[in-house]
Amino acid sequence: MIDLIEQAQLLPAFFLTIQLALWSAAFALILGTVIAILRLAPVGVLNALGASYVTLVRNTPLTLIVVACSLVLWGQLGIEPASRRLPDGSGNPDFISSLNFRLGVIGLSIYHAAFVCEAIRSGVNTIPLGQAEAARSIGLTFPQSLREVILPQAFRGAITPLGNVLIALVKNTTVVAAIGVFETAYRMRWIAEFRPADLMPGFALVALGFVILTLPLGLLVSHLSQRLAVKR
Amino acid sequence: MSGAAVLFDAPGPRARRLHRILTAVGVLLALALAWVILDRLIDREQLTAARWDWLLTGTAWTNYLLPGLFDTLRAAAIAIVLSMVLALGLAMARMSEVAPLRWAASIFVEFFRAVPVLIMMLFTFYFLSINQFTPSGLNPLIGVIVGLTAYNSAVLCEVIRNGVASLPSGQREAGLSIGLSPSQVRRSILVPQALTAMMPTLISQVVVITKDSALGYIILYPELVTSARRIGSAEGATLPAYVVVAAIFILVNYGLGKLAEFVESRQRRRNRSAGGVVQAGTATLGAGVVDGGQLMQDAAGRVHTNVGDAASEAAHRRREPRDD
């Protein structure tokens, strides 16, 4: 078993999975927040921009987005998020792996930003209209009512859906195996091809790894959402 | 209720001016973005007729796109039917009085919700290939179906359970008081109501399954993304191929989403889902979004998320009347 973990490099693979998830979560959160702001803005054009992004991306398979990032964004349009040369001018030995990693992060971020946007919007939707009306009627200005009344409740309402997006993101990082990032799904394929006798234990280990990654996350999310829930 | 109603006052003259300025800025931003993309495309000679004319020849459609679409839909259709059947069984087992049955179903559900669909597909595919149980031509299809079914039946099981849990307790009590056994109450009173109310959620889940069937690309199942790659190399039209395939996916899934909205609004009109039955609005997706990433959204544009815990479930329910 230990021997299999070492040969299949499962630990580095899970480390890569975690890295993918963290980077994509950060970028998806930024992009998703921007799109949520567009969708919530009181301006028709901005709403339409945000809404069309969400509709287009949510209905496209992640596999397609990730593969297109590699074959179209890089292959056809020549957008290269990694450099071939190190700062001192010598060739970058990690060029291919860091290129694929970053393309994967781009694909995952684009996809999950749409879900982050919807999570934030659902957080805003949990606020009863009366809260805003009350804030106005006691004379708070617009920024004050946002700061003191609306946004604190919106963030708390968004914890559960955002947490669920994060859990889904951790599992969805496996899709970047399609563009040659050596994470867990890639390693699983390696086991199947080079040590077929160990397919069962390999699968058990990988599955266990994901249970270990997602179970605490789920518990944390439901704990946080209960502790921070707005009592109404 | 849109967020804007909570976030903003009805605009006065100054706010309206500001909105007009923001509109102009928005239009300019969109145009600038379109310009940057177009410029890049032209620069890379992606918009020449030579790259796109394959779309007009029948062979690209008959050789790649239509078979790809057929295979995508076939896998999705088989998977949704199997998941539904399995989910019903799982939900019954999870609500059963027999403890070992309950535990087994719980372990199944929790395990397959945690394991990524792709890992399950890879395992099934290679397991079948190595042991040669089935004709090797069928392995990718079976891999896709098993992966999708394992995950989605776990999710749908939770949807059914949530639906039953949100029925008024009077339904169960009435059933017991006329002398039905607990399992009869579940079979003939609770689950049928939950199922009717979860139709929209079920259709939305078809969108998730259709999208996830694209994972078959990785285990060599000839679905649409595979078609895109083949067209890309056969016609020298990588970018157009992916654009067209994405458009097909978006059309299919957008249509399914609209269908879910229609079914839901029809149910509301008929008032089938009265009394706190899983109004698709409160219908919660098991670990939510454990689903490969799809958050369910209903007609009003609200997002359904995992509401396993009572607190946020109650919050969702309270939110319901306000939204309509």
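Chain letters run A, B, ... following the sequence lines, proteins first and then strands; every chain starts at 1. Worth knowing before you read on, the calculation uses all heavy atoms, side chains too, and leaves out hydrogens, waters and symmetry mates.
The main-chain N or O of B/Thr226 is found under 3.5 Å from a side-chain atom of B/Glu223 such that the two form a donor-acceptor pair. Looking at A/Gln76, its side chain never comes within 3.5 Å of a backbone N or O of A/Gly78 through a donor-acceptor pair. Between the B/Arg113 side chain and the B/Ala154 main chain, no donor and acceptor come within less than 3.5 Å of each other. Between the side chain of A/His112 and the backbone N or O of A/Leu108 there is at least one donor-acceptor pair closer than 3.5 Å. A distance-only check finds no donor-acceptor pair linking the side chain of A/Gln153 to the backbone of A/Arg156 [under 3.5 Å]. Listed for the A/Trp190 side chain is no donor-acceptor partner under 3.5 Å among the backbone atoms of A/Gln9.
Chosen from B/Ile119, B/Leu29, B/Val245, the residue pairing most often with chain A at heavy-atom distances under 4.5 Å is B/Ile119. With respect to chain A, the highest number of heavy-atom pairs below 4.5 Å among B/Leu33, B/Val115, B/Leu118 belongs to B/Leu118. Highest contact tally toward chain A, considering only B/Val225, B/Thr238, B/Leu224, is held by B/Thr238 [criterion: heavy-atom pairs under 4.5 Å]. Heavy-atom pairs under 4.5 Å with chain B peak, among A/Val67, A/Leu46, A/Thr214, A/Val206, at A/Val67. Chain B forms the most heavy-atom pairs under 4.5 Å with one residue out of A/Pro196, A/Gly44, A/Gly209, and that residue is A/Pro196.
Using a 4.5 Å heavy-atom threshold, the side chains of A/Phe155 and A/Leu162 count as separate.
More than 12 non-hydrogen atoms from other residues, nucleotides or ligands lie less than 6.0 angstrom from CZ of B/Phe108. Atom OH of A/Tyr186 sits in a sparse spot, with 12 or fewer heavy atoms from other residues, nucleotides or ligands closer than 6.0 Å. Heavy atoms of other residues, nucleotides or ligands lying less than 6.0 angstrom from CZ of A/Phe142 number more than 12.
Expressed to the nearest 0.5 Å, how far CG of A/Leu10 lies from CG of A/Leu4 amounts to 6.0 Å.
Only the side chain of A/Arg136 comes within contact range of chain B, with heavy atoms under 4.5 Å apart. Interface remark: A/Leu77 contributes backbone and side-chain atoms alike to the contact with chain B (heavy atom separation under 4.5 Å). If you measure heavy-atom distances from B/Arg20 to chain A, you find no contacts under 4.5 Å at all. Of the two parts of B/Arg16, neither the backbone nor the side chain holds a non-hydrogen atom closer than 4.5 Å to a non-hydrogen atom of chain A. The parts of A/Leu56 that come within reach of chain B are both its backbone and its side chain, each placing non-hydrogen atoms under 4.5 angstrom from that chain. In this structure, chain B has heavy atoms under 4.5 Å from both the backbone and the side chain of A/Ile79. Looking at A/Leu49, the atoms closer than 4.5 Å to chain B (heavy atoms on both sides) all sit in the side chain, from C-beta outward.
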Show, in sequence, the C-alpha distance, side-chain angles and deciding distance for B/Thr48 and B/Glu45, and conclude whether the side chain to side chain donor-acceptor pair (under 3.5 Å) test is met. CA-CA 6 Å; B/Thr48 54; B/Glu45 295 173 350; over 6 Å; no
Tell me, with the steps shown, if B/Ser213 and B/Thr72 meet side chain to side chain donor-acceptor pair (under 3.5 Å). CA-CA 6 Å; B/Ser213 70; B/Thr72 291; 4.6 Å; no
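For B/Glu235 and B/Arg51, the salt-bridge test fails: no basic side-chain N is under 4.0 Å from an acidic carboxylate O.
Within residues 121-130 of chain B, the residues having any heavy atom less than 4.5 Å from a heavy atom of chain A are, in residue-number order, B/Leu122, B/Phe123, B/Tyr126, B/Phe127, B/Ile130. Chain A is approached within less than 4.5 Å, heavy atom to heavy atom, by B/Ile250, B/Asn253, B/Tyr254 from residues 250-260 of chain B, ordered by number.
A centroid separation of 6.0 Å or more is found between the aromatic rings of B/Tyr221 and B/Tyr217.
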